[in-house]
Engineer: 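Let me begin by handing over the structure; questions about it come next.
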Amino acid sequence: MFAVVDRPIDEQAVARAVADPGAGGICTFSGVVRDNSQGKRVLYLEYEAYPEMAVKQMEVIAAEVRARWSIQRIAMAHRTGRLEIGEASVVIAVSSAHRAEAFEACRYAIDRLKQILPVWKKEVWEGGEYWVGWEGNPDASQLIPPASQ
């Protein structure tokens, strides 16, 4: 299962997608919206994506994981649209014969997902908003509103 969805992620469905009789460990990671960022009170997040490419990139990550670890299955889902505090924006599940591989593969998958997935996040806080990931782009500095006090 590799999916980009515009509705709440069914975390149990992602975990069920990696169930395998040969698995002794299933590791599930949920990235959730927190209420703060860099000293600001976050109200909500908005995610935009290029869904078709995002699913292809999830398949690339899965291939990388399979090349590094002996896993049974891997599944990933990412959410788009407006997300409230506490909602899951991404869920990854990995099953393997042993827990260490499941943990390591799951950690690798979320790190790679954040590196290569064409998904963009806007933080909306009291008095402003900010597209995360533009920090290193000098051309974007004029687009970023000053931090509210």
Side-chain angles (χ1 to χ4, degrees), residues 1-20 23-96 98-137 140 143-145 147-148:
M1 164 197 266
F2 303 111
V4 176
V5 298
D6 61 0
R7 61 191 179 288
I9 297 171
D10 182 344
E11 297 180 44
Q12 294 300 316
V14 178
R16 282 192 306 271
V18 302
D20 187 286
I26 294 176
C27 184
T28 304
F29 171 81
S30 298
V32 297
V33 178
R34 66 178 182 266
D35 68 355
N36 63 86
S37 178
Q38 300 182 18
K40 297 180 183 74
R41 181 173 172 259
V42 173
L43 301 176
Y44 61 89
L45 299 180
E46 288 183 11
Y47 286 91
E48 293 187 7
Y50 177 5
E52 296 83 5
M53 182 58 72
V55 169
K56 288 182 181 183
Q57 292 298 80
M58 289 176 181
E59 293 168 351
V60 167
I61 294 166
E64 291 175 358
V65 167
R66 288 185 182 100
R68 290 173 176 244
W69 293 277
S70 177
I71 66 165
Q72 261 68 33
R73 297 178 187 218
I74 183 169
M76 300 178 218
H78 204 296
R79 174 106 182 260
T80 60
R82 178 177 167 150
L83 280 75
E84 304 299 329
I85 306 303
E87 288 189 288
S89 59
V90 61
V91 177
I92 297 174
V94 177
S95 62
S96 67
H98 304 286
R99 68 179 180 274
E101 293 172 317
F103 278 120
E104 292 169 12
C106 195
R107 168 92 188 237
Y108 178 86
I110 185 61
D111 289 346
R112 283 294 285 157
L113 185 139
K114 292 183 78 69
Q115 290 173 340
I116 69 170
L117 214 67
V119 173
W120 301 275
K121 176 173 73 174
K122 181 169 69 174
E123 291 180 351
V124 179
W125 65 84
E126 295 175 329
E129 58 187 39
Y130 182 75
W131 282 98
V132 175
W134 287 84
E135 298 87 353
N137 184 343
L143 304 174
I144 300 171
S148 62

Engineer: To the nearest 0.5 angstrom, please state how far the CZ atom of Arg107 sits from the CZ atom of Phe29.
Structural biologist: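 Interatomic distance, Arg107 CZ to Phe29 CZ, rounded to 0.5 Å: 9.5 Å.
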Engineer: Between Ala88 and Val32, what is the shortest heavy-atom contact and its length?
Structural biologist: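 Taking Ala88 first and Val32 second, the nearest heavy atoms are CA-CG1, 4.0 Å.
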Engineer: Any idea which heavy atoms bring Ala77 and Ile9 closest together, and the distance?
Structural biologist: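 Looking at all heavy atoms of both residues, the shortest contact is O-CD1, 3.6 Å.
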Engineer: Any chance you could measure Lys114, atom NZ, to Lys121, atom NZ, to the nearest 0.5 Å?
Structural biologist: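 Taking NZ in Lys114 and NZ in Lys121, the distance rounds to 5.0 Å.
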Engineer: Enter the distance from Leu117:CG to Met58:CE here, rounded to the nearest 0.5 Å.
Structural biologist: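 Rounded to the nearest 0.5 Å, the CG-CE separation comes to 5.0 Å.
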Engineer: Between CZ of Arg79 and CD of Glu46, what distance do you get to the nearest 0.5 Å?
Structural biologist: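 Answer for the CZ-CD pair, Arg79 versus Glu46, is 11.5 Å.
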Engineer: Are the side chains of Tyr47 and Ser89 in contact, using a 4.5 Å heavy-atom criterion?
Structural biologist: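 Touching, per the 4.5 Å side-chain cut-off.
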Engineer: Donor-acceptor pair, Ser95 side chain versus Ala19 backbone, under 3.5 Å?
Structural biologist: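 Such a contact is absent between Ser95 side chain and Ala19 backbone.
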Engineer: So Ile61 and Met76, side chain to side chain contact (heavy atoms under 4.5 Å, CB included) or not? Walk me through it.
Structural biologist: CA-CA 10 Å; Ile61 294 166; Met76 300 178 218; 3.6 Å; yes
Engineer: For Arg41 and Trp125, what are the C-alpha separation, side-chain angles and deciding distance, and is it a side chain to side chain contact (heavy atoms under 4.5 Å, CB included)?
Structural biologist: CA-CA 6 Å; Arg41 181 173 172 259; Trp125 65 84; 5.7 Å; no
Engineer: Rounded to the nearest 0.5 Å, what's the gap from CZ on Arg16 to CE on Met1? Could you check?
Structural biologist: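 Between atom CZ of Arg16 and atom CE of Met1 there are 8.0 Å.
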Engineer: Got a second to check how far Gln57's CD is from His78's NE2, nearest 0.5 Å?
Structural biologist: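 Spacing of CD (Gln57) from NE2 (His78) equals 13.0 Å.
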Engineer: If you define the side chain from C-beta out and look only at heavy atoms, does anything of Glu48 sit under 4.5 Å from Thr80?
Structural biologist: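 They are not in contact (no side-chain heavy atoms under 4.5 Å apart), so the answer is no.
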Engineer: Hey, mind stepping through Val91 and Thr28 against side chain to side chain contact (heavy atoms under 4.5 Å, CB included) and telling me if it holds?
Structural biologist: CA-CA 7 Å; Val91 177; Thr28 304; 4.0 Å; yes
Engineer: Using a 4.5 Å cut-off on heavy atoms from C-beta on, say whether the side chain of Arg82 contacts that of Val124.
Structural biologist: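 Sidechains of Arg82 and Val124: no contact.
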Engineer: Specify the closest pair of heavy atoms between Ala109 and Val65, including all atoms of both residues, with the distance to one decimal.
Structural biologist: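 Minimum heavy-atom separation between Ala109 and Val65: CB-CG2, 4.3 Å.
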Engineer: What are the two closest heavy atoms between Ala102 and Val94, and how far apart are they?
Structural biologist: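 For Ala102 versus Val94, the nearest heavy atoms are CB-O, 3.9 Å.
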Engineer: Does atom CZ (Phe103) have a neighbourhood of more than 12 heavy atoms from anything else shown, all under 6.0 Å?
Structural biologist: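 Not buried by this count: 12 neighbours or fewer within 6.0 Å.
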Engineer: Please tell me if the side chains of Arg34 and Val42 come closer than 4.5 Å, counting only heavy atoms from C-beta onward.
Structural biologist: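 Of all side-chain heavy-atom pairs linking Val42 with Arg34, none is under 4.5 Å.
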Engineer: Are any of the side-chain heavy atoms of Glu59 and Phe2 separated by less than 4.5 Å?
Structural biologist: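 Glu59 reaches Phe2 side chain to side chain.
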